[in-house]
Number of protein chains: 2
Amino acid sequence: MLNKPDDPLDHVTRNGLAQAAGTNIETIRYYEKIGLMPEPRRAENGYRLYGQDAHRRLKFILRGRELGFTIEELKGLLSLVDGGDYSCGQVHAMTVEHLGNIRAKIGDLMRLEQTLADMSTQCEGGEVPDCPIIDKLFANIEIGSG
Amino acid sequence: MLNKPDDPLDHVTRNGLAQAAGTNIETIRYYEKIGLMPEPRRAENGYRLYGQDAHRRLKFILRGRELGFTIEELKGLLSLVDGGDYSCGQVHAMTVEHLGNIRAKIGDLMRLEQTLADMSTQCEGGEVPDCPIIDKLFANIEIGSG
DNA sequence: CTTGAGCCTGTAGGGACTACAGACCCTACC
DNA sequence: GGTAGGGTCTGTAGTCCCTACAGGCTCAAG
């Protein structure tokens with residue numbers, strides 16, 4: 001263990017961060033390489049040291065990827081946080097743009113949820129060989145904003 | 001144009017399908033290669049011919065990818081439709097499994113939506129140089145099932 | 001002071017596309 | 001009929017987002 005108990009918790013190693021966030025060391029390396037995660041400070045021996053900020057940011061990124069956001073979209077969202085030189089007006093415009101995207105996703109997922117829930121309840125426990133409910137998957141879901 | 005007006009609409013070319021679904025020809029080719037889309041029938045000249053089924057399936061896949069489902073997950077969902085030799089009990093189990101995943105996504109997206117909506121309204125039109133609302137993005141979102 | 005685990009860097013591989021290249025086909029215009 | 005242009009075909013190579021491996025440095029323990 002490198003961590004000393006009197007430090008302000010900003011001393012987790014790369015692997016520690018990876019485990020805490022539920023990913024692996026290589027992914028963190030990649031995100032740092034492309035600038036999605038910032039370069040952390042280093043200990044005297046050259047080891048990277050991460051804190052609570054990095055942990056939250058990384059979890060946000062990982063979950064964002066699972067939710068289908070691209071790296072570029074996440075950069076956009078995180079730029080709101082990194083808070084460079086945006087005016088509040090710009091922030092407003094950016095958030096509104098993201099909101100449309102997010103609400104569409106929620107809508108589609110809820111339709112998918114509904115269809116699967118219907119399938120599940122109607123099939124409940126049964127052993128019907130040629131389950132006609134399956135047709136609903138495409139009948140109900142005219143998915144998306146197209 | 002290859003389409004003849006008296007055919008039953010099952011005669012769209014690959015590019016036609018791509019445009020209708022909002023993607024490109026190469027992606028369709030790839031999905032056929034890995035078996036996510038079926039091999040379509042061919043015209044006498046060897047050209048592929050697609051119909052309404054292919055269109056719906058492709059849109060489902062594309063949107064599914066945007067929603068963060070992996071190819072394997074989509075194969076699982078579509079296997080419900082391709083309806084091989086599943087019992088209704090198996091279908092039930094599979095749908096229930098997917099439902100958990102989908103509901104978690106909905107929950108996270110709604111939290112993200114709420115945060116962004118808050119940012120948007122509070123920033124509305126303003127020109128505040130150092131918008132403190134930005135902190136909320138990480139304050140509110142303890143995202144995910146981790 | 002060696003052993004072994006963890007960190008460092010660089011590079012190569014895999015999944016999901018994306019782009020390019022050369023040949024075939026088909027309509028249009030001459 | 002011929003040919004120019006575009007669309008389709010197949011194959012292969014490249015890109016993006018990671019993931020895995022290789023060789024060397026660092027550190028705590030025995």
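Just so we're clear, the structure is a prediction, and the values are computed from it rather than from any experiment. Just so we're on the same page: letters track the sequence lines, and every chain starts at 1.
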Next on the checklist: How many whole angstroms separate atom CG of B:Leu17 from atom P of D:dG7?
Outcome noted: 16 Å

Checklist entry - With no hydrogens and no angle check, do the side chains of A:Asn101 and A:Glu97 hold a donor and an acceptor under 3.5 Å apart? => result no

Checklist entry - With a 4.0 Å cut-off, would you call B:Lys105 and B:Asp108 a salt bridge? => result no

Checklist entry - On DNA chain C, nearest-nucleotide positions of B:Glu26 versus B:Thr70: which is more 5'? => result B:Thr70

Next on the checklist: Tell me the interatomic distance from B:Leu74, atom CG, to C:dG15, atom P, rounded to whole angstroms.
Outcome noted: 16 Å

Checklist outcome for this item: To the nearest angstrom, the CZ-P distance between A:Arg41 and C:dC7 comes to 15 Å

Next on the checklist: Using the side-chain heavy atoms of B:Arg65, tell me which of these nucleotides is nearest: C:dG10, C:dA16, C:dC25.
Outcome noted: C:dA16

Item to check | Nearest-nucleotide comparison on DNA chain D, the residue closer to the 5′ end among B:Ile25 and B:Lys33 | outcome: B:Ile25

Checklist entry - Given atom CG of B:Leu58 and atom C1' of C:dC17, what is their separation to the nearest angstrom? => result 13 Å

Next on the checklist: Is there a side-chain contact between B:Thr27 and B:Leu58 in this structure, where contact means two heavy atoms from C-beta onward sitting under 4.5 Å apart?
Outcome noted: no

Checklist entry - Considering only heavy atoms and no angle criterion, is a donor-acceptor pair shorter than 3.5 Å present between the side chain of A:Arg29 and the base of C:dT11? => result yes

Checklist entry - the helix from C:dC1-D:dG30 to C:dC30-D:dG1: angle between its terminal axes, five pairs each, to 10°? => result 10°

Checklist entry - To the side chain of B:Ile71, which of C:dC8, C:dA16, D:dC18 is closest? => result C:dA16

Next on the checklist: Strictly below 4.0 Å: does A:Thr13 bring a side-chain N or O up to OP1 or OP2 of C:dC7?
Outcome noted: yes

Checklist outcome for this item: Rounded to whole Å, the CE-C1' distance (B:Met37 to C:dA16) equals 16 Å

Next on the checklist: What is the separation between atom OH on A:Tyr50 and atom P on C:dC7, rounded to the nearest whole Å?
Outcome noted: 10 Å

Item to check | Any B:Thr23 side-chain heavy atom under 4.5 Å of B:Tyr31 side chain | outcome: no

Item to check | Presence of A:Thr27 side-chain N/O under 4.0 Å of D:dT19 phosphate oxygens OP1/OP2 | outcome: yes

Next on the checklist: Quick check on C:dC24: is either OP1 or OP2 less than 4.0 Å from any side-chain nitrogen or oxygen of B:Asn45?
Outcome noted: no

Checklist entry - Of B:Tyr30 and A:Arg14, whose closest DNA chain C nucleotide lies nearer the 5' terminus? => result A:Arg14

Checklist entry - Between atom CZ in B:Arg48 and atom C1' in D:dC9, what is the gap in whole Å? => result 7 Å

Item to check | Minimum-distance nucleotide (side-chain atoms of B:Asn24 versus C:dC8, D:dA20, C:dA19) | outcome: C:dA19

Next on the checklist: If you assign A:Glu44 and A:Thr23 each to the DNA chain D nucleotide with the nearest heavy atom, which residue ends up on the more 5' nucleotide?
Outcome noted: A:Thr23

Checklist entry - With respect to the side chain of B:Arg42, which nucleotide from D:dT10, C:dC25, D:dC18 is positioned closest? => result D:dT10

Next on the checklist: Looking at A:Gly16, is its backbone amide N or carbonyl O close enough to the side chain of A:Gln19 to form a donor-acceptor pair, meaning the two atoms are under 3.5 Å apart?
Outcome noted: no

Checklist entry - With B:Glu32, which residues qualify under side chain to side chain contact (heavy atoms under 4.5 Å, CB included), at least two apart? => result B:Arg14, B:Ile28, B:Met37, B:Glu39, B:Pro40, B:Arg48, B:Tyr50

Checklist entry - Taking atom C1' of D:dT10 as reference, at what distance in whole Å does atom CD1 of B:Ile28 sit? => result 16 Å

Checklist entry - Below 4.5 Å, heavy atoms only, C-beta onward: do B:His55 and B:Leu17 meet side chain to side chain? => result yes

Item to check | Candidates C:dA19, D:dC9, C:dC7 - which lies nearest the side chain of B:Tyr47 | outcome: D:dC9

Checklist entry - Reckon B:Ile34 touches a base, only the sugar-phosphate, or nothing at all at heavy-atom distances under 4.0 Å? => result nothing

Checklist entry - Are A:Phe69 and A:Tyr30 linked, directly or through other ILVMFWY residues, by side chains that come within less than 4.5 angstrom of each other? => result yes

